[in-house]
There are 2 protein chains.
Amino acid sequence: MPMTPPGSALRLDTVAQDLLFRQAHSTHVFTDEPVTDETVQAVYDLVKYGPTAFNQQPLRVVLVRSHEARRKLVGHMARGNREKTARSPLVAILAGDRDFHTELPEQFPLFPEAATRFYSDPAIRERSAEFNGALQVAYFIIGVRAAGLAAGPMSGFDAIGINKEFFAESAHFVLAVVNIGWPPEGARHSRGPRLDFEQVFTTA
Amino acid sequence: MPMTPPGSALRLDTVAQDLLFRQAHSTHVFTDEPVTDETVQAVYDLVKYGPTAFNQQPLRVVLVRSHEARRKLVGHMARGNREKTARSPLVAILAGDRDFHTELPEQFPLFPEAATRFYSDPAIRERSAEFNGALQVAYFIIGVRAAGLAAGPMSGFDAIGINKEFFAESAHFVLAVVNIGWPPEGARHSRGPRLDFEQVFTTA
């Protein structure tokens, strides 16, 4: 019986589907090859176009390049994340900027009042930076994979410690820490289960 | 002088880059062609693989198909979003499930204690459902584009009203409402500005 290949109903070709979703895996095992700023820039140059509310762009990224900064960051990671954070070719701290609204008049010129009308309340602003920052974290992970790199996003860390260490003088706050590197050839991964369509979708 | 085309440093081919990011736009103008459940299922079958913390999958989606449900939803949208929500071929309510942790022992069998160890506090759980739900919202938008569809994500609505109307008997809460349809041929969009690499990235 002929099988319809998975993803054939989509416009995106299956090579791209595999690269971004089907064959991609979170990992913390990489080759020794460095990840250059040029590659990271190419990633950002793609994913900066991902949509957010009112075109806000709260995402901020610290590329942890120095030995000293790496050592400090590792100290704030959960025990199980320390060794992989220590030995990844590149580690990025992804943060949200609570003061993103100051850029809104420029980023969303159609409705310059958005900055004051929706985001005058610091609590609303923080929640928005976290939610829209999370959208941008997801786009960034997709972009890392689009470069042929692999990403190991982590949520296990002392957020207060990282914020004090890296963002004491800014309105930024950590959203995720991501290990980044080139995947070793022929790496095999197991895949956690996923919910079925029927468990996620309902019709009203 | 020869120019390097944008995105040539990435593994993902430029057709896919255009489809997902460079040429894709948030829109609320679609053809009349319906969006079938089969297409939505193909989208989910791709983006369900997007990574989250502990493989949690808080995203829940209501496909608003009936006239009655559409009428109710439109009443909870911000004034500027009502007409476009009323006339889109498909509208999806994207929500987070506060009780996602009950599925964790199955979804993250490597560490079944995650459900109790990290998510016993309802406030932590809600925040996690919102953050990881937002990651899944972003993957879903990318998936809609991967199908050749266009997405019009909206954040302007009365969340309390939508939650009361659609989620009164569940632990779900609305994250975003997304208009979905097939883009008209040759549609042209203006693009809001994006922050430069240097505004977003720093090195430590």
Side-chain angles (χ1 to χ4, degrees), chain A residues 6-7 9-13 16-17 19-22 24 26 38-51 53 55 57 59-66 69 103 106-108 130-131 134-135 137-139 141-142 146-148 153 155 166 192-195 197 200-204, chain B residues 6-7 9-13 16-17 19-22 24 26 38-51 53 55 57 59-66 69 103 106-108 130-131 134-135 137-139 141-142 146-148 153 155 166 192-195 197 200-204:
Chain A
L10 300 173
R11 171 92 56 94
L12 186 71
D13 66 271
Q17 291 180 33
L19 180 68
L20 302 184
F21 288 103
R22 288 187 207 283
S26 293
E38 287 65 36
T39 301
V40 178
Q41 199 157 353
V43 168
Y44 177 68
D45 187 56
L46 180 73
V47 300
K48 67 183 180 186
Y49 296 115
N55 194 31
Q57 294 158 62
L59 182 71
R60 298 294 180 272
V61 183
V62 181
L63 301 176
V64 180
R65 295 274 189 204
S66 74
E103 299 158 346
E106 195 172 322
Q107 284 166 356
F108 202 67
E130 185 156 357
F131 185 83
L135 297 179
V137 167
Y139 300 140
I141 292 169
I142 298 291
S155 59
F166 291 91
R194 295 299 192 272
L195 295 180
F197 181 78
V200 175
F201 287 74
T202 51
T203 299
Chain B
L10 301 174
R11 169 90 58 91
L12 187 71
D13 66 88
Q17 291 179 32
L19 180 68
L20 302 183
F21 287 103
R22 288 188 207 283
S26 294
E38 288 64 38
T39 301
V40 178
Q41 197 156 355
V43 168
Y44 178 68
D45 187 57
L46 179 72
V47 299
K48 66 183 181 186
Y49 296 115
N55 195 31
Q57 294 157 62
L59 182 71
R60 297 294 178 273
V61 183
V62 180
L63 301 176
V64 180
R65 294 274 189 204
S66 74
E103 298 159 346
E106 195 173 323
Q107 284 167 354
F108 202 67
E130 184 155 358
F131 185 82
L135 297 179
V137 167
Y139 301 140
I141 292 169
I142 298 292
S155 59
F166 290 92
R194 295 298 192 272
L195 295 179
F197 181 76
V200 175
F201 288 72
T202 51
T203 300

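Throughout, protein chains are lettered first and strands after them, A, B, ... in sequence-line order, and every chain is numbered starting at 1. What you are looking at is a predicted structure, and each value in this text was computed from that prediction instead of being measured.
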Restricting to non-hydrogen atoms, name the atom on [X] and the atom on [Y] that form the minimum distance, rounded to 0.1 Å.
X        : Y        : result
A:Ala9   : B:Ala42  : CB-CB, 3.9 Å
A:Lys48  : B:Leu195 : CD-O, 4.3 Å
A:Arg194 : B:Gln57  : CA-OE1, 3.3 Å
A:Gly148 : B:Arg11  : N-CB, 3.8 Å
B:Pro193 : A:Asn55  : O-ND2, 3.0 Å
B:Ala134 : A:Leu135 : O-CD2, 3.2 Å

Below 4.5 Å from any heavy atom of chain A, which atoms of B:Phe197 appear? Answer side chain, backbone, both or neither.
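Contact with chain A involves both backbone and side-chain atoms of B:Phe197.
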Check whether B:Ile142 gets within reach of chain A through its side chain, its backbone, both or neither, counting any heavy atom under 4.5 Å.
side chain
Region of [X] that comes under 4.5 Å of a non-hydrogen atom in chain B:
X        : value
A:Phe21  : both
A:Glu103 : side chain
A:Leu19  : side chain
A:Ile141 : side chain
A:Ser26  : side chain
A:Thr202 : both
A:Asp45  : both

Top residue by heavy-atom pair count (under 4.5 Å) with chain B, among [options]?
options                               : answer
A:Ala146, A:Ala147, A:Ala24, A:Gly192 : A:Ala146
A:Val200, A:Val40, A:Leu20            : A:Val200
A:Ala204, A:Ala53, A:Ala138, A:Ala69  : A:Ala204

Within 6.0 Å of CD in A:Gln41, more than 12 heavy atoms from elsewhere
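Enclosed: over 12 neighbouring heavy atoms sit under 6.0 Å from CD of A:Gln41.
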Within-4.5 Å side-chain heavy-atom neighbours: A:Thr203 and B:Ser66
no
